Amino acid sequence: MKIAILTSGGDSSGMNPAIKKFVEHCFAKGYEPYFIYNGLEGLIDGKIKKASYKDVGGIIYRGGTIIRSSRSKRWFEKEYRKKAFENIKKEKIDLLVILGGDGSFRALDVFYKEFKVPFMGIPASIDNDLPLNEYMIGVDTALNVIRCAIDDIRDTASSFNRAFVIETMGRECGYLTLVSAVANGAEMCLIPEAPYNLENLKKRYLKEIKEGRTYFIAIVAEGLKITDKIKKWFEEEIGFESRATVLGHIQRGGSPTVLERLRAAEFVEIALDNFEKTPNKIVTYYDDNFILRELDEIVNSKYSLDERMLNLSKPLMGFERI
Ligand code: F6P
């Protein structure tokens, strides 16, 4: 049986350990592993190649994806999806394993409805915004990259009377921001999913300054697009000199953490161990378990943030905890 893997959308740290496990587990189970290079773009262009142990030697500690990725605009046109299907037929691929996020699974949904190519999906994106799923490959490494950046910024912040506004990635999803704010002891956490009250925050901050506070760390989600506004707010309303840092793509890099490597291996094993009995599923991680879910269920649901975590961060948004 020929099984091909591709990585799609924003790359994330942990994709390489998953690719390594894919090749090893395919061989262990007597399947032939194939790589599709450049994500969906490569599928359209027929960049499909047999994989070997040699390809995956020494990649476990590397961020990114050795088979590369893409955000394909051509995929939105049926003629290119048809080309992709013809390439799969030509190479006699029996199963497609896709590592990607929300957008990649939507792309897969359209493709599956048209051509019925058997697939297994594995959530991978630093955004952690897939519905009915609590962990995507790349999230733990991104959180640790953010932690290190905040630690470093704190060194300089604590040496001055200043406010530091740090913008984290995640598109419309505030997961990275929320967890980072709580885990790193920030004074402010602003995300698209929850209201915030600057007046209440101001009252508290002014009181804290009187009591001796000398600096602020504010974490703001990129999806809100208010990083500069908050920087000015600290200057004009709080009277603190302030600096903004957009963390940007460093959040997508870095050597995969231990948790990332373990989860990546498990996601892949579960996909390869189950597709013969229960094909065409997304392997999700939920409530400390791996659960196989229908693609339809995923694309038709909406993700939500953890209520406990939201509650913990209420004071950082200017409200009382419930
Ligand atoms: O989806 C992952 C992500 O890193 C988002 O957090 C971010 O908004 C986006 O990708 C950036 O995309 P690009 O690398 O195409 O600029």
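Values in this document were obtained by computation on a predicted structure and should not be read as measured data. These values consider heavy atoms only, across backbone and side chains, with no hydrogens, waters or symmetry-generated copies.
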Are side-chain heavy atoms of Leu96 and Leu43 found at a separation under 4.5 Å? yes
With distance as the sole criterion, is a donor-acceptor pair present between the side chains of Thr227 and Glu167 under 3.5 Å? yes
Residue pair Ser125 / Ser12: nearest heavy atoms and the distance that separates them: N-OG, 3.8 Å
Could you tell me whether Arg147 and Asp151 have a side-chain N and a carboxylate O separated by less than 4.0 Å? yes
Which heavy-atom pair separates Ile122 from Ile137 by the least distance, and what is that distance? CG2-CD1, 3.8 Å
Evaluate the side-chain proximity of Leu224 to Lys229: yes if any heavy-atom separation is below 4.5 Å, no if none is. no
Could you measure the distance from the CE atom of Met317 to the NZ atom of Lys314? Nearest 0.5 Å is fine. 6.0 Å
Closer than 4.0 angstrom, basic N to acidic O: yes or no for Glu222 and Arg171? no
How about NZ on Lys2, more than 12 heavy atoms from neighbouring residues, nucleotides or ligands closer than 6.0 Å, or not? yes
Check whether any side-chain N or O of Ser313 sits under 3.5 Å from a backbone N or O of Leu310 as a donor-acceptor pair, and report yes or no. yes
Applying side-chain contact (heavy atoms from CB on, under 4.5 Å) to Leu176 and Leu143, what does each step give before you reach the verdict? CA-CA 7 Å; Leu176 291 177; Leu143 286 172; 3.7 Å; yes
Starting at CZ of Arg204, measure out to CZ of Arg213 and round the result to the nearest 0.5 Å. 7.5 Å
State, yes or no, whether a side-chain contact exists between Leu40 and Phe111 at a heavy-atom distance under 4.5 Å. no
Can you tell if the side chain of Arg154 reaches within under 4.5 Å of the side chain of Ile217, non-hydrogen atoms only? yes
Check for me, please, whether Tyr286 and Val179 land in the same ILVMFWY cluster - side-chain distances under 4.5 Å, paths through other members count. no
Distance-only donor-acceptor check, side chains Thr257 and Asn144, under 3.5 Å: no
Spacing of NZ belonging to Lys277 relative to CG belonging to Leu292, to within rounding of 0.5 Å: 9.0 Å
Verify the distance criterion only: is there a donor paired with an acceptor across the side chains of Glu193 and Tyr303 at less than 3.5 Å? yes
State the CG-CD1 distance between Asp11 and Ile66, to the nearest 0.5 angstrom. 13.0 Å
Check whether any side-chain N or O of Asp152 sits under 3.5 Å from a backbone N or O of Ala149 as a donor-acceptor pair, and report yes or no. no
Would you say Arg106's side chain and Val299's backbone share a donor-acceptor pair under 3.5 angstrom? yes
Which distance, rounded to the nearest 0.5 Å, do you find between the CZ of Phe216 and the OG of Ser242? 11.0 Å
Under 4.0 Å between a side-chain nitrogen and a carboxylate oxygen: does that hold for Asp296 and Lys113? yes
Apply side-chain contact (heavy atoms from CB on, under 4.5 Å) to residues Phe35 and Ile5 and explain how you reach the verdict. CA-CA 5 Å; Phe35 288 158; Ile5 191 169; 3.6 Å; yes
Least distance between heavy atoms, Arg162 atom then Arg243 atom: NH2-NH2, 2.9 Å
Can any side-chain N or O of Arg252 pair as donor or acceptor with the backbone N or O of Gly10 at less than 3.5 Å? no
Please name the pair of heavy atoms, one in Ser70 and one in Asn38, separated by the smallest distance, quoted to 0.1 Å. OG-O, 2.7 Å
Thinking salt bridges, do Glu114 and Arg81 make one under a 4.0 Å N-O criterion? yes
Are Ile209 and Ile238 close enough, and set up right, to give a side-chain contact (heavy atoms from CB on, under 4.5 Å), and what steps lead you there? CA-CA 9 Å; Ile209 291 166; Ile238 308 297; 3.5 Å; yes
With hydrophobic residues grouped by side-chain heavy-atom distances under 4.5 Å, do Phe115 and Phe275 end up in a single group? yes
Heavy-atom check, side chain of Leu99 versus side chain of Thr65, under 4.5 Å: no
Say whether, by atom type as modelled, one donor and one acceptor occur between the side chain of Asn16 and the main chain of Gly63 under 3.5 angstrom. yes
Residue among Ile3, Val56, Ile67 satisfying side chain to side chain contact (heavy atoms under 4.5 Å, CB included) with Phe22: Ile3
Does any pair with a residue in residues 121-167 pass ring-ring contact (aromatic ring centres under 6.0 Å, His included), and if so which ones, sequence neighbours excluded? none
Do Met120 and Ile291 belong together in a cluster built from hydrophobic side chains that touch within less than 4.5 Å? no
For the student: nearest non-hydrogen atoms of Gly248 and Gln251, plus distance: O-NE2, 2.7 Å
Under a 4.5 Å cut-off applied to non-hydrogen side-chain atoms, are Cys26 and Leu272 in contact? yes
Would you say that more than 12 heavy atoms from the other residues, nucleotides or ligands in this model lie under 6.0 Å from the NZ of Lys116, or not? yes
When you check the gap from the basic side-chain N to the acidic O, do Glu235 and Lys231 get nearer than 4.0 Å? yes
Do Glu86 and Lys82 meet the salt-bridge criterion of a basic N to acidic O distance under 4.0 Å? yes
For atom CZ of Arg68, is the number of surrounding heavy atoms from other residues, nucleotides or ligands below 6.0 Å larger than 12? no
Between Tyr285 and Phe267, what is the ring plane arrangement, given parallel below 30°, perpendicular above 60°, and tilted in between? perpendicular
Main-chain N/O of Asp287 paired to Glu134 side chain as donor or acceptor, under 3.5 Å: yes
Distance, nearest 0.5 Å, that separates CD of Glu41 from NZ of Lys73: 9.0 Å
What do the steps show when you test Tyr175 against Leu305 for side-chain contact (heavy atoms from CB on, under 4.5 Å), and what is the final call? CA-CA 7 Å; Tyr175 178 86; Leu305 294 173; 3.9 Å; yes
Do Arg261 and Tyr61 have side-chain atoms, one donor and one acceptor, less than 3.5 Å apart? no
Are more than 12 heavy atoms from other residues, nucleotides or ligands located less than 6.0 Å from atom CD of Glu320? no
How close do Leu201 and Glu187 get, heavy atom to heavy atom, and via which atoms? CD2-O, 4.4 Å
Please check this pair: side chain of Thr156 against backbone of Ile153, looking for a donor-acceptor N/O pair closer than 3.5 Å. no
Kindly say whether Gly254 contributes a backbone atom to a donor-acceptor pair with the side chain of Ser13 at under 3.5 angstrom? yes
Indicate yes or no: at least one non-hydrogen side-chain atom of Val110 is less than 4.5 angstrom from one of Lys78. no
Any sub-3.5 Å donor-acceptor pair from Lys281's side-chain atoms to Pro279's backbone N or O? yes
Spell out, as yes or no, whether a donor-acceptor pair under 3.5 Å connects the side chain of Asp102 to the backbone of Leu130. no
Non-hydrogen side-chain atoms of Glu24 and Val268 separated by less than 4.5 Å: no
Would you tell me whether Ser69 and Thr7 have side-chain atoms, one donor and one acceptor, within less than 3.5 Å of each other? no
Do you reckon Met309 sits in the same ILVMFWY cluster as Met169, going by side-chain contacts under 4.5 Å, direct or chained? yes
